[in-house]
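Some notes on the structure that comes next.
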Amino acid sequence: MTPTIPAIETAPLAEPSDRPAPARDETSLHDEILARLRDYIVEGHVADGGRLSERQLCEMLGVSRTPLREALKVLAAEGLVELLPNRGARVRPLSAADIHELFDLMGGLEGLAGRLACEKISDEEIEKIEQLHHDMYGFYMRQDMQGYFRMNQLIHRAIVDAAANATLHATYDGLAGRIRRVRFSANFARKRERWSEAMREHELILDALRRRAGSELSDILFQHLRNKGAAAIAYFAEGQPATIPTGISKPTKVE
């Protein structure tokens, strides 16, 4: 049975105005539309492969079709949606094989980021990640999936930032949008058992980072992503038939 994912706010983004907004406001509005549309898709409000109704999205966001279409183009570049010639857009479907490959690749990138971060990270950056971890744990205890996921992504991003490698950062950004929806859904696998496992794994991530144990952190991050990928495949298999490719093992605890 597919779990219910909390709805996001649907209030209009901006009040109508008779005066033209300055360029800065237009940029801000574009960013807000993009962020809300991305969250709406990531949080599972549209089925995998489902069509995106421009009319409904315009009503929900309180915007015209032009800024909506600009936001859809960005999400298409991120790999989250597909633009269909003369037929609008749909949420980009991923097969079990796609998910397996993406999470292994992302695990490799995050593992490298963890190793590099331990060589360069400052005490202040570790303190920032500790605070994010504390906030994430609070959302976990309140069973607030959206807040938890937001803090979770900030932690992973902070480790990549601490690696201070521009090429790694650009490669990571190219995959992050495409995989973000699946990372969110993985927490619902096996009646949320995966959510608890992920929280325990993050304790290990923080401990290795504090000790600047680069090799250990690299292994933990890679296994963390592999576990999450296997959980995502299991989650999608609950709602629809899926063929699990040979070689994918069940999630294992990080030790």
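None of these values were measured; they are calculated from a predicted model.
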Check whether any side-chain N or O of Ser218 sits under 3.5 Å from a backbone N or O of Gly214 as a donor-acceptor pair, and report yes or no. no

Where the side chain of Gln223 meets the backbone of Ile220, is there a donor-acceptor pair that is under 3.5 Å apart? no

By side chain to side chain donor-acceptor pair (under 3.5 Å), Glu54 pairs with (sequence neighbours left out) Arg65, Arg69

Quick one: do Val74 and Leu37 satisfy side-chain contact (heavy atoms from CB on, under 4.5 Å)? Show the steps, please. CA-CA 11 Å; Val74 175; Leu37 185 56; over 6 Å; no

Within the 4.5 Å heavy-atom criterion, are [X] and [Y] side-chain neighbours or not?
{"X": "Lys228", "Y": "His224", "value": "yes"}
{"X": "Arg180", "Y": "Asp39", "value": "yes"}
{"X": "Leu105", "Y": "Leu175", "value": "yes"}
{"X": "Ile159", "Y": "Glu110", "value": "no"}
{"X": "Arg90", "Y": "Val81", "value": "no"}
{"X": "Tyr148", "Y": "Trp195", "value": "yes"}
{"X": "Leu225", "Y": "Leu109", "value": "no"}
{"X": "Met145", "Y": "Phe184", "value": "yes"}

Just do the side-chain contact (heavy atoms from CB on, under 4.5 Å) check on Leu80 and Arg181 with the steps written out, would you? CA-CA 8 Å; Leu80 196 57; Arg181 169 181 167 86; 3.8 Å; yes

Please check if any side-chain donor atom of Asn227 sits under 3.5 Å from a side-chain acceptor atom of Glu197, or the reverse. no

Distance-only polar pair, side chains of Asp98 and Ser95, donor-acceptor under 3.5 Å: yes

What distance do Ile155 atom CD1 and Gln131 atom CD have between them, rounded to the nearest 0.5 Å? 10.5 Å

Plane angle bin for His133 and His202 - parallel if under 30°, tilted between 30 and 60°, otherwise perpendicular: tilted

Examine Arg150 relative to Phe139 and say whether NZ or CZ is less than 6.0 Å from the centre of the six-membered ring and inside a 45° cone about the ring axis. yes

Indicate the atoms forming the closest heavy-atom contact of [X] with [Y], along with that distance.
{"X": "Leu34", "Y": "Leu75", "answer": "CD1-CD2, 3.6 Å"}
{"X": "Phe103", "Y": "Ala232", "answer": "CE1-CB, 4.5 Å"}
{"X": "Ala89", "Y": "Leu83", "answer": "CB-CD2, 3.9 Å"}

For the pair Asp123 and Arg212, evaluate salt bridge (charged side-chain N to carboxylate O under 4.0 Å, His left out) and give the outcome as yes or no after the intermediate values. CA-CA 10 Å; Asp123 291 341; Arg212 293 175 169 81; 2.8 Å; yes

Does the pair Arg211 and Asp207 meet the rule for a salt bridge (charged side-chain N to carboxylate O under 4.0 Å, His left out), with working shown? CA-CA 6 Å; Arg211 292 184 286 110; Asp207 176 65; 2.9 Å; yes

Go through Asp173 and His169 one step at a time and tell me if the side chain to side chain donor-acceptor pair (under 3.5 Å) criterion holds. CA-CA 6 Å; Asp173 282 345; His169 200 287; 3.2 Å; yes

So Ile129 and Ile121, side-chain contact (heavy atoms from CB on, under 4.5 Å) or not? Walk me through it. CA-CA 11 Å; Ile129 293 174; Ile121 196 166; 4.1 Å; yes

Can we say Glu125 and Lys128 salt-bridge, meaning some charged N sits less than 4.0 Å from an Asp/Glu carboxylate O? no

Going through the distances and angles, do Arg115 and Glu119 end up as a salt bridge (charged side-chain N to carboxylate O under 4.0 Å, His left out)? CA-CA 7 Å; Arg115 186 183 297 270; Glu119 297 175 358; over 6 Å; no

Where do Arg183 and His156 land on the side-chain contact (heavy atoms from CB on, under 4.5 Å) test, with the steps shown first? CA-CA 12 Å; Arg183 289 182 82 150; His156 284 272; 3.4 Å; yes

